[in-house]
Undergrad: 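One structure, as structure tokens, below. Some questions next.
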Amino acid sequence: MAHRKRFVMERARFGKAKIFTFGSARSAASYLVELLIVAAIYICLAASALLLPAINPAATPLWPPTGFALALVLLRGYRIWPAILVGSVSPYLMADRSLLEFGSVGISTLLGAFAGTSLISRWSNGRQTFGTPSGIAKFAIISFVPTAVISSTIVLGGFIFASKLNFSDSVVTWLTWWLADAAGTLVIAPVVVLWAMMRRRSFSKWTLLESIAVSALVSIIGILAYSPLIGSDLISNDLNVPLPNRSLLGFLVLLPLMWTGLRGNRCNVATAALIFSGMAVWGFSVGNAPFPKTDLNGALLSLLVLSISVSVPSLALAAAIATRQNTEAHLLSLHDQLNRQIERKTVTLDSVRRHFQILIEGVVDYAIFALDKEGHVTSWNSTAQKIIGYTPEEIIGKHFGIFYRPDERRAGSPTRALESAIQRGKHEVEGWRIRKNGTPFFITGSVSASRDDAGDLIGFINILRDATERRDAEEKLFQAREQLAVSQKMEAIGKLTGGIAHDFNNLLMIIGGSAQIFARLLDPKLPKAIEAIQTAAKRGESLTRQLLTFSRHQHLSPTIVDLNASIKNMRTMIESSLRGNIVYNETVGEGVSLVQVDLAELELAIVNIAVNARDAMPNGGTFSLSVNAVTVDQEIGDKHLGDTFFAIAFSDTGTGIPPNLLSKMFDPFFTTKEVGKGTGLGLSQVYGFAHQAGGTVTADSKVGQGTTITVYLPSCADEQITGKDYSAARAKSRQPQRQTVLVVDDSADVADVTSSLFEHLGYETIYRDSAEAALKLLEAGTKIDLVFSDIVMPGTIDGVGLAREIRSRYPNLPIALTTGYSDAAKAAPPNLRILRKPFDTEALRDFIQEITPARSMRSA
């Protein structure tokens with residue numbers, strides 16, 4: 001990863017190194033000095049190379065400028081090209097060569113260096129290529145192709161065009177120059193790059209001494225093996241006697257190279273390889289063994305093999321050792337860091353363990369103890385000792401099943417608790433356990449499975465609480481509630497008896513008084529007495545029916561009906577039970593919802609609930625009805641339900657019922673209304689009807705927010721319904737409805753008279769006391785066939801304004817106006833019909849037939 005980052009930074013550096021771009025005069029001067037130094041060094045190398053001719057003045061066994069140019073571009077970027085070009089052509093200018101010759105030399109060196117740098121930067125981590133053995137191998141390949149190939153090919157072409165070489169000799173010459181460029185690149189470039197990149201901080205005096213010693217030893221071996229000084233006048237010829245094959249001494253260079261390579265010092269290895277190759281070139285120039293002048297091609301090949309063998313393997317070995325050393329140093333650093341982290345984590349863990357122990361010891365209400373995977377106790381807090389009685393020494397190591405009763409242990413309850421904790425993660429426990437002294441106590445708590453980061457089970461955590469006192473209190477509370485229930489039942493029976501006695505005494509008074517009137521047959525009060533007897537009888541019948549419904553002894557005639565359709569058909573009846581300032585919302589599905597009930601009792605129950613909601617909203621509000629299919633298997637109210645039920649929810653926004661009275665709202669004769677405004681049997685009829693139909697009823701209320709009463713009725717399964725029953729249920733939902741008239745008048749007395757006239761004609765009526773209330777009713781989706789409104793009404797909208805709003809929003813809905821004030825009719829548009837007050841039934845019938853001929857409004 002580090003090599004990759006360095007490679008990206010290297011490429012970024014090359015991309016930003018623009019040619020001849022200077023940020024200031026100082027940077028321009030520095031750049032110029034850099035070019036002069038590089039050019040001077042380059043001129044010296046090129047001139048020295050020309051002093052060692054092998055074939056002709058332009059052919060040498062090693063060509064240093066190519067390797068030096070590649071190293072300069074790797075280190076300084078492409079902007080160094082002027083120095084390389086000047087340094088390459090200067091020796092040829094001084095040697096009075098042609099423009100084509102020195103131009104081809106300079107361009108070939110520059111292009112070869114650019115091509116090699118580009119490939120090394122893209123393929124081998126740039127100037128970091130000498131950091132790994134694979135990078136060195138890639139560098140060697142790139143040195144041969146394309147660096148040496150481009151350099152030697154361009155130079156060869158230039159010399160051929162300058163007529164300095166024959167085309168027939170070009171192959172041999174190109175091969176010679178190619179080998180010279182490759183050998184020079186392999187030897188020169190690593191030395192320049194490695195020493196330039198060496199960190200000054202890591203260069204100690206011992207490193208300097210080591211470098212000097214290695215260089216001196218390699219120089220001595222090179223002199224002994226290849227130097228022409230042996231056998232010359234400088235050194236006695238007698239040395240040739242003991243060293244007839246002295247070139248074999250060159251193999252001794254492996255010792256310092258391997259030693260330096262094993263030390264991982266790439267700079268010393270590259271320097272030693274350069275020195276030794278230089279000694280070999282020195283011997284090659286004079287034809288010493290093993291480079292005889294008689295076989296020049298063989299000598300060149302031997303020199304090339306020697307250069308590659310000395311530089312590449314030893315450099316790769318040093319890179320491998322250096323990489324390993326860096327890796328070991330990095331691993332040691334990581335090891336030290338991990339050790340320090342482990343020490344810190346250990347200290348933290350000890351601190352957390354102490355804090356946790358203090359915490360669990362501070363919990364005074366819960367027994368907390370840990371278990372191993374088999375259920376044996378491994379830790380025990382002081383509260384556990386206080387509740388159960390065992391000390392840590394007595395219980396740790398024993399199975400926690402010792403806390404269970406003997407029959408539970410035989411039944412395997414402890415094992416099942418652990419298995420449940422493993423499967424679910426946590427198992428709630430509640431029941432009786434045994435203390436150390438043998439006394440039972442009631443506990444509540446949990447057993448949780450404890451797992452490591454890999455998800456493997458390591459044990460269990462038990463958290464228990466002594467709930468014996470709470471259980472005793474609950475049992476006492478249950479007994480008190482039972483006693484209270486008995487007392488309430490007795491109170492309800494007493495109210496029932498007193499109410500029945502009071503009402504029946506009144507009935508008997510009416511019947512007895514009317515009987516006395518019958519004794520006087522000529523008495524003119526006889527018709528009124530008969531009416532009183534009929535009224536009292538009907539009231540007695542209704543009272544008896546409500547009492548029997550509550551006691552669930554009423555004789556019912558249940559049939560299969562479509563619940564949704566039946567409730568929709570009852571909309572007019574429900575709205576007539578409400579006041580004009582109450583908005584009725586209905587949410588009923590379109591599907592067939594079949595139930596088996598007494599339809600008359602269902603309608604009576606819904607009306608009773610609507611009347612109670614109306615009385616709970618004296619200032620107006622919203623009454624909502626919704627039907628939903630529910631699947632329950634639980635206790636609802638005082639009844640256990642299962643399978644599919646239809647829940648009919650009735651909600652109002654009234655005053656609500658206090659919690660202390662909510663449980664009594666279904667009791668017979670219980671009412672919160674004033675004397676004479678309620679019998680207290682309305683909701684008791686709902687209660688009896690729901691239970692006798694196989695369902696139940698619940699109530700939820702909050703003071704100031706309203707009340708919701710929900711009636712649950714069982715659904716009839718499809719396989720239990722015969723075709724005849726299903727057809728009957730559908731037929732009930734298709735029964736024709738009477739058309740509905742919305743009467744809008746601010747006077748309730750006048751509205752009562754008007755409504756009675758419409759009802760005499762066979763219409764259903766809904767009353768609203770203002771135009772705003774009428775528009776809200778229409779917005780709620782209530783089905784209305786005719787709107788009959790007074791013109792003069794208080795508020796922001798009068799009758800004429802109401803007519804305009806209805807014609808704008810509901811163009812197909814007929815509307816008629818009435819008024820007893822003649823001037824008020826002048827504000828009405830001419831196409832709006834107005835019926836003058838007072839009017840009778842005949843006038844009303846004729847007026848309706850005139851304004852709605854197309855709709856054919858007829859009486860039921």
Side-chain angles (χ1 to χ4, degrees), residues 545 548-574 577 584-610 612-613 623-652 665-666 682-700 707-735 737 781:
R545 179 180 178 184
L548 292 176
T549 301
F550 171 74
S551 61
R552 283 173 270 179
H553 292 288
Q554 170 72 3
H555 178 71
L556 302 178
S557 300
T559 58
I560 297 176
V561 298
D562 184 346
L563 182 61
N564 290 346
S566 299
I567 291 179
K568 288 181 178 179
N569 293 337
M570 295 169 58
R571 184 181 185 97
T572 303
M573 180 176 61
I574 296 173
S577 302
Y584 173 56
N585 295 327
E586 185 176 274
T587 305
V588 180
E590 295 296 334
V592 178
S593 306
L594 302 182
V595 294
Q596 188 172 11
V597 294
D598 189 324
L599 187 58
E601 290 294 319
L602 173 63
E603 293 175 349
L604 179 60
I606 293 177
V607 169
N608 284 334
I609 295 175
N612 276 273
F623 179 68
S624 302
L625 185 152
S626 64
V627 179
N628 296 289
V630 295
T631 302
V632 293
D633 186 12
Q634 56 183 347
E635 297 288 340
I636 296 182
D638 59 348
K639 192 175 183 67
H640 181 82
L641 300 183
D643 299 328
T644 303
F645 281 74
F646 291 103
I648 312 174
F650 305 87
S651 301
D652 63 64
M665 63 183 301
F666 295 114
L683 292 181
S684 64
Q685 182 272 336
V686 177
Y687 179 89
F689 158 74
H691 284 73
Q692 197 164 3
T696 187
V697 60
T698 62
D700 184 25
T707 303
T708 299
I709 296 177
T710 306
V711 177
Y712 293 85
L713 298 178
S715 171
C716 291
D718 293 340
E719 61 271 16
Q720 297 176 356
I721 302 173
T722 63
K724 182 179 180 181
D725 293 334
Y726 185 82
S727 300
R730 297 298 293 170
K732 287 179 182 290
S733 64
R734 294 194 296 268
Q735 290 179 355
Q737 300 182 36

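Side chains included, hydrogens not; waters and symmetry mates left out as well; all remaining heavy atoms used.
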Undergrad: N628: which residues meet the side chain to side chain contact (heavy atoms under 4.5 Å, CB included) condition with it, sequence neighbours left out?
TA: S626

Undergrad: Do you know which two heavy atoms are closest between P714 and G695, and how far apart they sit?
TA: CD-N, 4.0 Å

Undergrad: Check whether any side-chain heavy atom of L625 sits under 4.5 Å from a side-chain heavy atom of I609, and report yes or no.
TA: no

Undergrad: What distance separates D700 CG from I709 CD1, expressed to the nearest 0.5 Å?
TA: 10.5 Å

Undergrad: If the condition is side chain to side chain contact (heavy atoms under 4.5 Å, CB included), which residues does A610 pass it with, not counting sequence neighbours?
TA: I574, S577, L578, F623

Undergrad: Working to the nearest 0.5 Å, report the span between CG of L594 and CG of N564.
TA: 9.5 Å

Undergrad: Could I get the full list of side-chain hydrogen bond (donor to acceptor under 3.5 Å, both in side chains) partners for T710, not counting sequence neighbours?
TA: none

Undergrad: If you look at every heavy atom in M570 and L602, which pair is closest and at what distance?
TA: CE-O, 4.5 Å

Undergrad: Hey, what do you get for CD1 (I606) to CZ (R571), rounding to the nearest 0.5 Å?
TA: 13.0 Å

Undergrad: Looking only at heavy atoms, what is the nearest atom pair of T708 and S651, with distance?
TA: OG1-OG, 3.1 Å

Undergrad: State, yes or no, whether a side-chain contact exists between F650 and V711 at a heavy-atom distance under 4.5 Å.
TA: yes

Undergrad: Show, in sequence, the C-alpha distance, side-chain angles and deciding distance for L563 and I648, and conclude whether the side chain to side chain contact (heavy atoms under 4.5 Å, CB included) test is met.
TA: CA-CA 10 Å; L563 182 61; I648 312 174; 3.8 Å; yes

Undergrad: Identify the two heavy atoms, one from E586 and one from I567, that lie closest to each other, and give their separation to 0.1 Å.
TA: OE1-O, 3.8 Å

